[in-house]
Structure formats: structure tokens, C-alpha cells
Student: 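Sharing a structure with you now.
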Protein chains: 2
Amino acid sequence: MADAAQTRQRILDIALELFTERGFAGTSVADLAGRLGTSKAALYHHFRSKNEILAALLEAPTRRFDELVAQASELTDEQLLGRVVDLTAELFAVAGVLDGDPSVQAAQRAQLLDRSRDINQALTAALVAPPGDADARLRAHAAYAAAKHGTLAAVADLGTTELPATSRTALVTAALRALHPAG
Amino acid sequence: MADAAQTRQRILDIALELFTERGFAGTSVADLAGRLGTSKAALYHHFRSKNEILAALLEAPTRRFDELVAQASELTDEQLLGRVVDLTAELFAVAGVLDGDPSVQAAQRAQLLDRSRDINQALTAALVAPPGDADARLRAHAAYAAAKHGTLAAVADLGTTELPATSRTALVTAALRALHPAG
DNA sequence: GTCTATACATAGATAGAC
DNA sequence: GTCTATCTATGTATAGAC
């Protein structure tokens with residue numbers, strides 16, 4: 001009925017749902033198998049551990065944000081905030097779980113890979129000009145939060161991860177205005 | 001050495017630390033007792049369940065935000081966003097756990113009391129003028145996110161929940177600018 | 001108010017048949 | 001690729017002594 005790749009993907013989809021609803025630590029392998037409609041053993045045929053499922057879930061999003069970090073210095077504030085809005089909307093569920101669930105951080109830490117803090121800090125730092133300016137730093141926090149969490153709230157509100165162009169513009173503009181002092 | 005009220009408070013302090021580090025579901029009663037330096041049974045003398053510890057932890061913050069919701073209609077945008085910044089800074093750890101950890105939501109849901117979503121929605125709605133304007137709604141999401149998550153990031157960054165007046169002003173101003181269209 | 005000991009359920013994970 | 005059955009550790013919670 002289903003080949004390995006397909007089943008693997010179904011497991012990841014289900015894991016994303018349940019981790020979002022109950023958290024990583026709050027979701028058991030039995031919960032996953034239950035919704036999958038199979039046994040725990042069947043699930044362990046596709047992944048060696050619960051942690052490995054989480055890692056697989058976070059891999060692509062982390063890579064995408066890492067790429068953004070790498071480009072950050074060459075982008076304008078508007079381009080950077082726009083990319084944050086786009087990535088957050090596209091990766092809605094994972095982006096929310098990623099830096100919202102403390103048990104995810106704890107699990108990743110156990111594997112020496114707590115990237116999401118680094119990513120948030122790097123992107124925020126890229127928005128601070130001039131470096132060392134305390135007020136600029138606060139505005140960067142506010143602007144980044146507006147882009148990221150504003151988008152998360154907007155996507156949840158609108159019920160779609162496909163943000164219309166006008167909505168995207170509104171969010172980016174709002175974040176930009178938070179970043180720049182009056183003038 | 002310690003009377004009941006004191007021990008109870010110590011447990012709450014420890015619970016807040018560990019729930020923040022590992023999440024609610026990711027923290028066991030044995031973990032709490034371990035850091036408390038006593039047995040699990042001793043802990044159960046002060047609280048009837050792990051869920052009760054969580055509820056006790058969330059009670060005061062939830063009440064504070066509820067009060068703000070009640071006043072929201074009488075406040076200006078600036079006053080409302082200022083109160084969000086103040087409450088978030090003051091209740092830093094709990095405010096972060098409160099709407100960051102999915103297992104907290106799940107546990108509260110089991111007790112019919114998922115207030116934090118309601119609070120966020122109500123406060124965001126209070127910022128939308130005129131009602132029904134899609135763009136205003138998005139700016140409200142961005143502004144609220146800037147105030148709340150910008151403050152969370154700022155407090156984590158500064159390492160103190162006592163936000164200096166200039167920092168508070170910078171955050172409120174940034175959130176306000178996110179809210180209001182250019183003009 | 002704290003302890004040891006323990007009950008009982010569920011956790012993550014594996015063995016081995018089909 | 002999926003199953004039943006099971007291992008072992010840990011989970012929440014309680015009993016009863018001190």
C-alpha cells in the first residue's frame with residue numbers, strides 16, 4: 001500500500017501535528033503510532049528513535065534559516081525582514097514548534113545542536129545599526145518579533161500559510177517601521 | 001527549617017525554572033524533587049499533582065492579563081502596548097512558558113482553561129481600528145508581537161526583568177510605529 | 001513535614017515471527 | 001513492512017512510618 005518514503009513522510013506529518021498540539025515531550029511514540037494506524041514497532045522500522053523524528057522534522061527549516069543567516073549581511077533591512085516573514089509563513093508549524101517548545105530545545109541540546117537561538121540572535125544582530133547602540137538593539141528585537149511572531153499570529157488568524165502579497169507587505173512594513181526611529 | 005508557605009514557594013520557583021528549561025511535559029516530579037533536595041512524597045505534601053503546580057504557577061499572571069483585557073477598551077493604543085511590555089517584562093519567565101510550551105496548553109485544555117490564546121486574541125483585537133480592516137488587523141498582530149516577543153527577547157538579552165525607562169520607551173515606540181500606518 | 005517503599009501505568013525501544 | 005509480545009526504565013501518585 002505504501003512504500004518506505006511515503007510512510008516516512010506520513011510519520012513526519014503526523015509528528016508535526018502532534019508535537020504542535022501537545023509538545024515534543026508531551027507526545028509519546030504510542031500517540032504517533034496510534035494516529036498512524038500502526039504499531040510502535042512499525043514506526044521504529046522507519047526511525048531509530050523519537051529524537052530522530054524530531055531531528056528530521058527540523059532539518060530542512062533549520063537549513064533554510066541558516067542560509068538566510070549566511071546572506072544576512074548582504075541584504076537590506078527590508079529584504080531581511082521580508083525573508084523572515086516568508087520563511088516563517090512557509091514553515092509555519094515547524095517555525096512555531098522550533099522556538100516555542102522548551103522540550104524541543106532540551107532534546108536538541110542533548111544532541112549538541114541548539115541552532116534556533118543562534119539563528120534568532122544572528123538575524124536580530126544583523127538588524128542593529130550602528131552596532132553597540134542600545135536603542136537600536138531594542139528596536140531590532142521589536143522588529144524581528146513583529147516579523148516572526150506577527151507572521152505566526154497572522155497565519156494562524158488567516159488560516160493559510162500562503163500569505164497574500166498585500167498581507168506580506170503590511171507585515172514587512174510594520175516590522176520596518178518598528179525598526180526605524182521616527183523621522 | 002522551612003514552614004509550609006516557604007517550601008511551597010520554593011517549589012514554585014524551581015518548577016518555573018525547570019518548566020522553562022525542559023518544558024512542562026519534559027519535567028518529571030522526580031526532577032523537581034531532586035532540585036528541591038527532598039523526596040517526591042515530600043513534594044506531594046504541598047501539591048496534589050503536577051498539574052496543580054502548573055495551575056498555581058499560571059494563576060497570578062493569568063489574572064493580571066485578564067485584568068488588562070477588562071480595561072483594554074478604555075486604554076489608548078500606547079497605554080495598552082505599554083502595559084503589555086510592562087506585564088511581559090515583569091512576568092518574563094511565566095509569560096514565556098505560558099504561550100510558548102504546547103504541553104502547557106494541552107494540560108490547561110484538559111482542565112478547560114486555555115486562557116492565554118483568548119488573552120492574546122482579545123488584546124490584539126483591541127488594537128484593530130477600524131474593526132474589519134484586514135491591514136489594520138495585520139498591523140495589530142505585528143504591533144502586539146513586537147511588544148510581547150520583543151520584550152521577551154529584550155529581557156533575555158539585557159538579563160534583567162527590570163526594564164530601564166528608556167528601554168521601555170523604545171519598545172513601546174517601536175510597537176506603536178508598527179501599529180500605525182505611515183503618515 | 002519528610003522519609004522509604006511501593007503500586008500501577010506508561011515511557012522508549014527491541015525481539016523475532018510473518 | 002508490519003505484527004504481537006516483551007524488556008527495562010521512568011512516569012505520577014500513594015501508603016504508612018517517623
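Predicted, not measured: the structure shown is a model, and the values here were computed from it. So that the names make sense, note that chain A is the first sequence line, chain B the second, and so on, each numbered from 1.
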Student: Distance-only criterion, 3.5 Å: show the donor-acceptor pairs between side-chain atoms of residues 125-141 of chain A and protein atoms not counting sequence neighbours.
Tutor:
{"residue": "A:D133", "atom": "OD1", "partner": "A:D135", "partner atom": "N", "Å": "2.9"}
{"residue": "A:D133", "atom": "OD1", "partner": "A:A136", "partner atom": "N", "Å": "3.0"}
{"residue": "A:R137", "atom": "NE", "partner": "B:D157", "partner atom": "OD2", "Å": "2.7"}
{"residue": "A:R137", "atom": "NH2", "partner": "B:D157", "partner atom": "OD1", "Å": "3.4"}
{"residue": "A:R137", "atom": "NH2", "partner": "B:D157", "partner atom": "OD2", "Å": "3.4"}
{"residue": "A:R139", "atom": "NE", "partner": "A:L179", "partner atom": "O", "Å": "2.9"}
{"residue": "A:H141", "atom": "NE2", "partner": "B:D157", "partner atom": "OD2", "Å": "2.8"}

Student: Rounded to whole angstroms, how far apart are CD on B:Q6 and P on C:dG1?
Tutor: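 Value for this atom pair: 10 Å.
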
Student: Who are the salt bridge (Lys or Arg N to Asp or Glu O under 4.0 Å) partners of A:E59, not counting sequence neighbours?
Tutor: none

Student: Got a salt bridge between B:D118 and B:R115, using NZ or NE/NH1/NH2 to carboxylate O under 4.0 Å?
Tutor: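 The answer is yes: the pair qualifies as a salt bridge.
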
Student: Round to a whole Å and report the spacing from CG of B:N51 to P of D:dG11.
Tutor: 16 Å

Student: Compile the donor-acceptor pairs under 3.5 Å between side chains in residues 169-176 of chain A and protein atoms, sequence neighbours left out, one pair per line.
Tutor:
{"residue": "A:T169", "atom": "OG1", "partner": "A:A165", "partner atom": "O", "Å": "2.9"}
{"residue": "A:T173", "atom": "OG1", "partner": "A:T169", "partner atom": "O", "Å": "2.7"}

Student: Out of D:dT2, C:dT2, C:dA13, which nucleotide sits closest to the side chain of A:H45?
Tutor: D:dT2

Student: Just how far, in rounded Å, is P of D:dG11 from NZ of B:K50?
Tutor: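 My rounded result for the distance is 9 Å.
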
Student: Please say which of B:I119, B:L57, B:L58 ends up in a side-chain contact (heavy atoms from CB on, under 4.5 Å) with B:L98.
Tutor: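 One option only clears the test, and that one is B:L58.
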
Student: Would a distance-only check, ignoring hydrogens and angles, find a side-chain to backbone donor-acceptor pair under 3.5 Å from A:D114 to A:Q108?
Tutor: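 Not a single qualifying donor-acceptor pair exists.
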
Student: Closer than 4.0 Å, any side-chain N/O of B:Y44 to the OP1 or OP2 of D:dA13?
Tutor: yes

Student: Going by distance alone, is a donor N or O of one side chain under 3.5 Å from an acceptor N or O of the other, for B:S116 and B:Q105?
Tutor: yes

Student: Hey, can you pull the residues of residues 103-112 of chain B with a non-hydrogen atom under 4.0 angstrom from DNA chain C?
Tutor: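 Under 4.0 Å from DNA chain C: no residue of residues 103-112 of chain B.
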
Student: Quickly work out the A:H46 NE2 to C:dA13 P distance and round it to whole Å.
Tutor: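 Atom NE2 in A:H46 sits about 16 Å away from atom P in C:dA13.
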
Student: Residues of residues 21-43 of chain B with any non-hydrogen atom less than 4.0 angstrom from an atom of DNA chain D: list those, numerically ordered, please.
Tutor: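 Within this stretch, B:T27, B:S28, B:V29, B:K40, B:A41 sit under 4.0 Å of the strand.
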
Student: Could you tell me which residues satisfy salt bridge (Lys or Arg N to Asp or Glu O under 4.0 Å) with A:D31, sequence neighbours excluded, listed by chain and number?
Tutor: A:R22

